[in-house]
Amino acid sequence: MMTSYDPLLEGLNPAQREAVESIEGPVLVVAGPGSGKTRVITHRIAYLVRKWHISPYRILAVTFTNRAAGEMKERLSRLVGSRIDRLSVGTFHAFCAGLLRREGSHIGLDPSFTIYDDDDQVQLLKEAMAQVNIDSKQYPVRAIQGAISRSKSLVLDAASYASNCEGFFEEQVSKVYEKYDALIRRSQALDFDDLLLRSVQLLSKNPDVLERYQRRYQHILIDEFQDTNVAQYMLAKLLAGQYRNICVVGDADQSIYGWRHADIRNILGFQKDFPEARSIVLGENYRSTGNIVEAAQKVISANNLRIHKELWTSKEEGPPVVVPETHDEEEEDQFVISEVERLGRIEGASLGDCAVMYRVNAQSRALEEACLRYGARYKLVGGVRFYQRKEVKDLIAYLRLIGNPQDDVSLVRAINVPRRGIGTKSMDDLSRWAISRGTSLYAALESLNGDPQEDDSLRRSLSSRAAAQMTAFLALVQELAEESSRLDVVALIDRVLERTSYREYVTEHYDLPDERWENIMELRRAAEEFKDEEPPQGLTLLLERLALVADADNYEESADSLTLITLHQAKGLEFPVVFMVGMEEGLLPHFRSLDDTGQLEEERRLCYVGMTRAKDRLYMLRAFRRRFAGGYGPSLPSRFLQEVPASIWEPQAPAVPRRTISEGVQSSSWEPSMAEPTGDAPALPGLSPGDKVRHPTFGEGMVVSCTPSAGDNEVTVAFVGTGVKRLLQSLARLEKLE
DNA sequence: CAGTGGAGGCTTTTT
DNA sequence: GCCTCCACTG
């Protein structure tokens, strides 16, 4: 091929180049962290379009997260320009939702189906369990949910599960599964797993539909292949059936979603299903320093169930991996902040260069508090998902109900927002009526307006007050549904808010009403993107977006704030400076993984993912004691720390020396050395107790005490009104007053 | 029927 | 330690 001077191939190493150029036939790219994977994928697509004039319309690129999809689109538009608009890029779930909206009629699916999230699924499962008399105390909903989800990920529908199940628990699950399936179908809803399952079923049962899509997608790319589950892989295999131009990119060492039924065995499956596949290994790391790569490599090699793979770098060694030990969590967070500050001072690192990574979201709270206390700007990634907030779900329930009145879960939520005085008993009557007639709750409501000659048993069982309230609610939904065919989605939202007096409701019934109202406005802003769609379409698209895009505030790099993020979410990102906090047994690896080798190895991969996010500096912190699940106990260093070779590992004692570590704490295998005394005194104006100061947020206060701390001053200030705060002088913009 | 208070449970990661 | 669910009370 005469490709040597193609600018798209320039600057690629031989393996990367091969991955870009091998456009025909199946390709398996094993891409270690920092090996230029995204570059390979984007260049490969650009190469297909620019060099081989493949229409972007005929290319499908599947990513694992919306963030990755967005990033890919952005990079591609720079390489290829606006032509890539016709490219299909997105998550499996988004692809399936689109497919089912267009083709769902082949399997009896109404195109206005609702997508149920995790929470909705639990609500409906509870209802299903109640209906088949299975006690949710004896069988936790989560366990049942897991079993059903797992089954769906293996493309086993309720009937297949029923004929395959063994043992008592599985029989119970099977009963719930069948009931749940009946209920969710009646609600014209699909859960996340259904999106995949039903898509596979649609394509395998409808050869003509399959053929259309197979013909369309001449080239298929799958990113993060190690995170696909069986259903996803089957879908990919179906779609690639005709051209077999399928390129999967992944790294088994970064597989951290086994709990979501991701199956690393898909990689083996791929090699079996596509025996002619070319394998390409990208092993050179361009991201991290030598020490970081070596440390990460050592940790991951401790996994036994692993295919050996070398990761190397030609970058310089860099500073050692620092393993600070702190007394407790508070001190851990304080160390992070003061170190961030120190790096900024001596190396010019900005807050945006640094990220703090942790295993569980619960750890973020203390970090946030530390940031607030020391005045460091931060950006919390994830946390409570936007669309799971009560107020957001309230509004969404109305919108869903307008789009799909059969949606029972949303009806149950909306009917008492605002309070309409419809209580347990009335809801029971309503639900019983619907069950006995096999209808939706909405249909049950409609019976209230029906011909009294026909079936007025529901009306008779209800109090006249309840019946009147229900009729009023029904009228409201009908009115809004009618308006929804005229109004754009933003106007529709305004109508819902107005007709429900939602602002008043929030003010009266929810804490933090302003914040909640702000979230509602945020949702309204999100809807503006769909304002110009034809009326019912805008609503459908908005609801789909809300269901499939997890964080409303997608992660954006910002130069001046510290990133707080879970290890899982950090996958795919990189930062010059990374702090991994909570390197302790029970946290990383997590308690729930300790008794299972497979899960333990996944924890180790998670650790590996975290370590390999770091470009220049990596800190792995551990505290001697930690507050956890109510307790406050000693904690042992993570076994993963011991796997980092001592030669590149620098223990570091707390920045603020404390009294000796209390008894009862297992002494660790290393001697914590005291932090080197900070020779370079901070060029900060001296503050002393009694001084009056002003803080931009906290207002005026008086200095209570000053403690030198790692080249900085830790200042305790009593603020008027706000109370006592501990601040780092260099970060908190304190102004000394006369 | 709704709001409050207490007790109990429960702790992971996300499309 | 936190949040959720439930039972009781107003």
Side-chain angles (χ1 to χ4, degrees), chain A residues 62-69 90-97 115-119 121-122 126 136-137 140-143 146 149 152-153 190-197 199 224 227-229 231-232 255-262 329 357-366 381-388 390 416-428 463 465-466 469 508-511 544-551 565-572 582 586-594 599 602-603 605-607 609-610 626-633:
Chain A
V62 186
T63 59
F64 189 64
T65 61
N66 294 295
R67 184 180 72 204
T91 63
F92 271 107
H93 291 86
F95 174 81
C96 289
I115 299 172
Y116 276 176
D117 66 23
D118 201 64
D119 209 47
Q121 196 183 13
V122 166
K126 281 186 186 161
S136 63
K137 292 221 170 66
V141 186
R142 289 282 164 194
S149 169
K152 289 185 178 178
S153 81
L190 299 180
D191 61 32
F192 287 136
D193 299 309
D194 286 333
L195 290 172
L196 305 170
L197 170 67
S199 294
E224 306 284 13
D227 290 327
T228 53
N229 66 26
Q232 289 165 328
S255 161
I256 54 175
Y257 286 102
W259 55 275
R260 263 178 59 186
H261 316 117
E329 186 173 48
M357 301 180 184
Y358 37 85
R359 175 68 234 262
V360 301
N361 272 314
Q363 290 170 269
S364 69
R365 185 179 302 241
V381 182
V384 185
R385 311 220 85 58
F386 178 75
Y387 72 103
Q388 285 190 357
K390 244 197 301 195
N416 263 325
V417 174
R419 294 275 127 81
R420 286 189 179 82
I422 299 167
T424 332
K425 167 152 183 320
S426 311
M427 283 309 284
D428 274 355
S463 69
R465 205 174 87 104
Q469 290 289 348
E508 279 168 35
H509 297 277
Y510 289 166
D511 55 333
E544 188 157 307
R545 165 72 58 88
L546 293 169
L548 296 177
V549 178
D551 10 328
I565 192 168
T566 65
L567 287 164
H568 280 88
Q569 293 190 101
K571 193 173 73 166
L587 260 181
L588 188 69
H590 193 269
F591 289 116
R592 309 262 285 215
S593 313
L594 293 178
Q599 287 187 52
E602 182 154 312
E603 295 289 304
R605 292 193 291 269
L606 190 55
C607 182
V609 165
R626 185 173 299 268
R627 219 174 291 281
F628 198 73
Y632 183 63

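Chain A is the first sequence line, chain B the second, and so forth, proteins listed ahead of strands; every chain is numbered from 1.
In this structure, Ser426(A) reaches the dC1(B) phosphate: one of its side-chain N or O atoms is under 4.0 Å from OP1 or OP2. Distances shown here put every side-chain N or O of Asn66(A) at or beyond 4.0 Å from the OP1 or OP2 atom of dT15(B). Between Lys126(A) and dC5(C) there is a side-chain N or O to OP1 or OP2 distance below 4.0 Å. The phosphate of dT13(B) has neither OP1 nor OP2 within less than 4.0 Å of any side-chain N or O from Gln569(A). Distances shown here put every side-chain N or O of Arg142(A) at or beyond 4.0 Å from the OP1 or OP2 atom of dG9(B).
A donor N or O paired with an acceptor N or O is not found under 3.5 Å between the base of dT13(B) and the side-chain atoms of Arg260(A). Side-chain atoms of Trp259(A) come within donor-acceptor range of the base of dT13(B), with a qualifying N/O pair under 3.5 Å.
Looking only at distances, a side-chain donor or acceptor of Asn229(A) sits under 3.5 Å from a matching main-chain atom of Gln232(A). Put simply, the side chain of Arg605(A) gets close to the backbone of Ser255(A): a donor and an acceptor are under 3.5 Å apart. Side chain of Asn416(A) to main chain of Ile422(A): a donor-acceptor pair is present (N/O by atom type, distance under 3.5 Å, no hydrogens or angles).
Between Asp193(A) and Arg260(A) no salt bridge is recorded (no basic side-chain N to carboxylate O distance below 4.0 Å).
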Heteroatom pairs (N/O) under 3.5 angstrom, protein to nucleotides 3-7 of chain B:
| unit_1 | atom_1 | unit_2 | atom_2 | d |
| --- | --- | --- | --- | --- |
| dG3(B) | OP1 | His509(A) | ND1 | 3.0 |
| dG3(B) | OP2 | Arg419(A) | NH1 | 2.9 |

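Both Lys425(A) and Glu603(A) sit near DNA chain B, but only Lys425(A) has its closest nucleotide nearer the 5' end. Ranked by how close their nearest DNA chain B nucleotide is to the 5' end, Pro140(A) and Ala94(A) are led by Pro140(A).
Remark: C1' of dT15(B) and CD of Gln121(A) are 11 Å apart, rounded to the nearest angstrom. Met427(A) places its CE atom 12 Å from the P atom of dA2(B), with the value rounded to the nearest Å. Whole-Å rounding puts the Asn229(A) CG to dT14(B) P distance at 17 Å. Regarding His568(A), its NE2 atom lies at a distance of 13 Å from the C1' atom of dT15(B), rounded to whole Å. Remark: P of dT15(B) and CZ of Arg67(A) are 9 Å apart, rounded to the nearest angstrom. Going from atom CG of Asp118(A) over to atom C1' of dT13(B) covers 12 Å, rounded to whole Å. The interatomic distance linking Arg420(A) (CZ) with dA2(B) (C1') rounds to 15 Å, in whole Å. Taking atom NZ of Lys571(A) as the reference point, atom P of dT15(B) lies 11 Å away to the nearest angstrom.
No side-chain heavy atom of Glu224(A) sits under 4.5 Å from any side-chain heavy atom of Tyr257(A).
Within 4.0 Å of Phe591(A), counting heavy atoms only, lies no atom of the nucleic acid at all. Nucleic acid contact class of Phe92(A) (heavy atoms, under 4.0 Å, all strands): none. Ser593(A) comes within contact range of no nucleotide atom at all, as no heavy-atom separation falls under 4.0 Å.
Taking all atoms of both residues into account, the shortest heavy-atom contact from Thr63(A) to Ala69(A) is OG1-CB, 3.4 Å. Shortest non-hydrogen contact noted between Leu588(A) and Leu567(A) is CD2-CD1, 3.9 Å.
In this structure, Lys571(A) satisfies the cation-pi test against Phe64(A), with its NZ or CZ atom closer than 6.0 Å to the six-membered ring centre and inside 45 degrees of the ring normal.
For Thr91(A), whose side chain is taken as the heavy atoms from C-beta onward, the closest listed nucleotide among dT15(B), dT12(B), dT13(B) is dT15(B). Of the candidates dT15(B), dT13(B), dA2(B), the closest approach to any side-chain atom of Asn416(A) belongs to dA2(B). The side chain of Arg465(A) lies closest to dC1(B) when the candidates are dC1(B), dT13(B), dT15(B).
Interatomic distance, CD of Glu544(A) versus CG of Leu195(A), reported as 8.0 Å (0.5 Å rounding).
Rounded to whole Å, the C1' atom of dC5(C) lies 22 Å from the corresponding atom of dT12(B).
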